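Take a look at the structure below.
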Amino acid sequence: MPVAIIGAGPVGLAAAAHLALRDIPFFVIESGKTVGSNVLSWAHVKVFSPWEYNLDKAAVELLETEGWQSPPLDDLPTGQEIFDLYLQPLSEHPLIKPFVYTQCKVVSIAKKSIDKMTNKNRENQPFLINVINKGFERFFEAKAVIDATGTWQNPNPILANGIWTKTEKENHGQIFYGIPEVLGSLKKRFQNKKILVIGSGHSAINSIIELEKLKQEFESTDIHWVMRKNKINEVYGGGDNDALVARGVLGNKIKKLIEDNVISVYTPFHIHQINKRNGKFEFIGYQFDNLRELSGFDEIIVNTGSRPDTTITSELRVEYDSVVESVPALATLIDPNLHSCGTVRAHGEKELTQKEKNFYIVGSKSYGRAPTFLMATGYEQVRSVVAMLAGDEESARRVELVLPETGVCKSDNGEGACCGNVPNNDLEVSACC
C-alpha cells in the first residue's frame with residue numbers, strides 16, 4: 001500500500017523524490033490545477049534565499065538522471081523560476097509524474113471503517129482520504145500520510161484579535177491577501193490609490209517596496225503601513241549581519257523608505273474594527289492605548305501571515321499546539337511570544353511524530369501560525385520522515401541540515417538574547433532562538 005502525500009509544493013514533491021529513491025510506492029494529491037500552484041500565486045516575487053536553500057538533495061539526484069542542470073546556487077529565484085526550473089521538471093520525472101493527481105481537494109482524512117474513538121486494530125487500518133475531483137468524490141487508501149498542504153490558502157484576518165468580520169468577508173474585491181503584482185497585472189488597481197498594508201513580516205516589506213516603485217511612476221499613490229510591533233526597528237531584521245544577504249537587504253530597504261518619509265507608518269497599532277463608508281475603508285484601533293481612526297483607504301493589502309487548516313484531520317488522533325497551532329514538539333522552538341529569530345534548529349521525524357501512527361505534518365503547516373519557515377527546513381523534515389517509513393531509523397535521527405543565521409534574535413529577555421547550543425537528538429547544534 002502506498003504513502004499519500006497531500007500537497008504538491010516544494011516540500012510535498014521533495015517527499016515524493018525521497019520515496020521514489022527508496023522505492024516506496026506513493027501518490028501525490030494536489031488541489032491546484034498544477035503542481036506548485038501556491039508558488040505560482042507569488043510568481044513575480046523574488047525570494048531572499050538562494051537556490052542553495054531551495055533545492056532538495058533527493059530531488060536534485062532524480063533530476064540529474066534526466067540531464068537536468070542546476071541553476072547557479074547563489075542566484076535568487078522568483079516564484080516563477082522555482083516553478084519553471086525546478087518544480088515542473090521534478091513533477092515530470094518518470095518516477096513521479098504517473099503518481100501526481102491535480103485538481104483533487106482533500107475533504108477529510110480518516111482511518112478506514114473506524115472513527116476517532118476506536119482503538120481496536122487501529123494501527124493496522126489504512127488511511128482513507130476523501131477527495132473532490134472536478135465535482136466528483138473519490139477515495140484513496142494509504143499506509144501513511146505526509147500532510148504538506150501548507151498554510152498559504154488560509155490567511156489570517158485583519159483584526160488584531162484574529163477574528164473574521166462581516167465587513168472583511170464582504171469586501172474581498174478591495175482586499176488583497178499576499179503580495180500583489182502591483183507593477184504588472186494589478187497596476188491599474190493600485191495606481192494613484194490610498195493603500196493600507198497590514199502586517200510586519202517579509203511579505204509586508206515586499207508589498208511596500210513594490211508599491212514604492214509604483215509610486216515613482218504614479219505620484220499620487222499613497223502608501224500607509226500598520227503593524228503591531230512595539231518598535232519600528234524590530235522589522236529591520238539583521239541587516240548586514242544576516243547570513244541570507246537578500247533578507248538583510250529587505251530590512252535595509254524598508255528602513256530607508258521609512259527614514260525618507262516615503263510611507264506613513266503606524267505602530268504599534270491594533271485594529272479592532274473595520275468600517276466601509278462611501279466605498280472607502282476606515283479602521284479603528286489602539287495606538288499606545290489611545291483610540292485612533294485611520295480612514296479614506298481605497299485598497300487594503302493584508303500580510304498578517306496564515307494559519308493551518310485543521311479540519312481535514314478532525315477524525316484522526318492528531319495534535320496541534322494550542323497557541324501556535326504547530327506540531328506540538330516544535331512550538332517552543334518557534335513561538336513568537338518566546339523569540340522572533342528565524343533560525344530554528346534542524347529537526348525531523350522524532351519531533352513530527354503524532355499519536356496517529358504514520359501520519360506526519362510537514363512543511364509550513366508544521367509551523368502552524370509561526371512565520372519563520374524556510375523550504376530547507378521542510379526538505380530536512382521529509383528526508384527524516386521518509387527514512388523512518390523505510391525503516392532506516394539511524395538516518396531518520398541524523399541531522400543533515402545547517403540553517404543560516406538571521407543576524408538578530410529577540411527573546412522575552414530582550415534584544416540580543418540567544419539560545420546558544422541547543423541539544424538535538426544527542427547532538428549539539430549551534431542555533432539562535
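All of these numbers come straight from a predicted model, not from anything done at the bench.
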Ion pair [X]/[Y], N-O distance below 4.0 Å:
X	Y	answer
Glu325	Arg369	yes
Arg383	Glu380	yes
Glu210	Lys213	yes
Lys187	Glu217	yes

Can you tell me if [atom1] on [X] sees more than 12 non-hydrogen neighbours from other groups inside 6.0 Å?
X	atom1	answer
Asp289	CG	no
Lys116	NZ	yes
Glu259	CD	yes
Lys194	NZ	yes
Lys57	NZ	no

Do you see a donor-acceptor pair shorter than 3.5 Å between the side chains of [X] and [Y]?
X	Y	answer
Tyr320	Thr313	yes
Thr221	Gln191	no
Lys276	Gln174	yes
Gln88	Glu92	no
Glu61	Thr65	no
Asn54	Ser49	yes
His44	Gln80	no
Asn156	Ser306	no
Thr377	His347	no

[X] side chain to [Y] main-chain N or O, any donor-acceptor pair under 3.5 Å?
X	Y	result
Asn206	His202	yes
Glu168	Ile158	yes
His270	Gln287	no
Asp260	Val262	no
Arg277	Glu282	no
Tyr86	Asp56	yes
Ser384	Ala396	yes
Asp321	Val327	no
Asn303	Tyr177	no
Thr151	Asn154	no

Atom of [X], atom of [Y] and distance for their closest heavy-atom approach:
X	Y	answer
Phe26	Ala16	CE1-CB, 3.6 Å
Trp68	Pro89	CD1-CB, 4.3 Å
Ala43	Thr78	O-CB, 3.5 Å
Ile6	Val106	CG2-CG2, 3.6 Å
Pro328	Gln354	CD-NE2, 4.2 Å
Tyr101	Cys104	CB-SG, 3.9 Å

**Message:** Set out, in order, the CA-CA distance, both residues' side-chain angles and the distance that settles side-chain contact (heavy atoms from CB on, under 4.5 Å) for Tyr360 and Glu349, then state yes or no.
**Reply:** CA-CA 8 Å; Tyr360 297 97; Glu349 190 273 346; 2.7 Å; yes
Report yes if some heavy atom in the side chain of [X] is under 4.5 Å from a heavy atom in the side chain of [Y]; otherwise report no.
X	Y	value
Ile82	Met375	yes
Leu55	Ser70	yes
Ile301	Pro180	yes
Asn171	Phe281	yes
Asn130	Ile109	no
Phe283	Phe297	yes
Val226	Thr267	no
Trp51	Leu76	no

**Message:** Among residues at least two apart in sequence or on other chains, which ones pass side chain to side chain contact (heavy atoms under 4.5 Å, CB included) with Ser31?
**Reply:** Lys105
**Prompt:** Who pairs with Ile284 by side chain to side chain contact (heavy atoms under 4.5 Å, CB included), at least two apart in sequence or on another chain?
**Reply:**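 His272, Gln273, Asn275, Leu291, Glu293.
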**Message:** Determine whether Ile195 and Asp298 satisfy the following criterion, side-chain contact (heavy atoms from CB on, under 4.5 Å), listing intermediate values before the conclusion.
**Reply:** CA-CA 6 Å; Ile195 306 156; Asp298 303 294; over 6 Å; no
**Request:** Decide if the gap between the ring center of Phe140 and the ring center of Phe27 is smaller than 6.0 angstrom.
**Result:**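 Between Phe27 and Phe140, which both carry aromatic rings, the centre distance is below 6.0 Å.
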**Message:** For a salt bridge (Lys or Arg N to Asp or Glu O under 4.0 Å) check, start with the C-alpha distance between Glu219 and Lys215, then their side-chain angles and the critical distance, and finish with the verdict.
**Reply:** CA-CA 5 Å; Glu219 295 182 0; Lys215 184 178 177 65; over 6 Å; no
Result block: side-chain N/O donor-acceptor pairs under 3.5 angstrom for residues 35-42, not counting sequence neighbours:
| residue | atom | partner | partner atom | Å |
| --- | --- | --- | --- | --- |
| Ser37 | OG | Glu30 | OE2 | 2.8 |
| Asn38 | OD1 | Gln153 | NE2 | 2.7 |
| Ser41 | OG | Asn38 | O | 2.5 |
| Ser41 | OG | Trp152 | NE1 | 2.7 |
| Trp42 | NE1 | Asn38 | O | 3.3 |

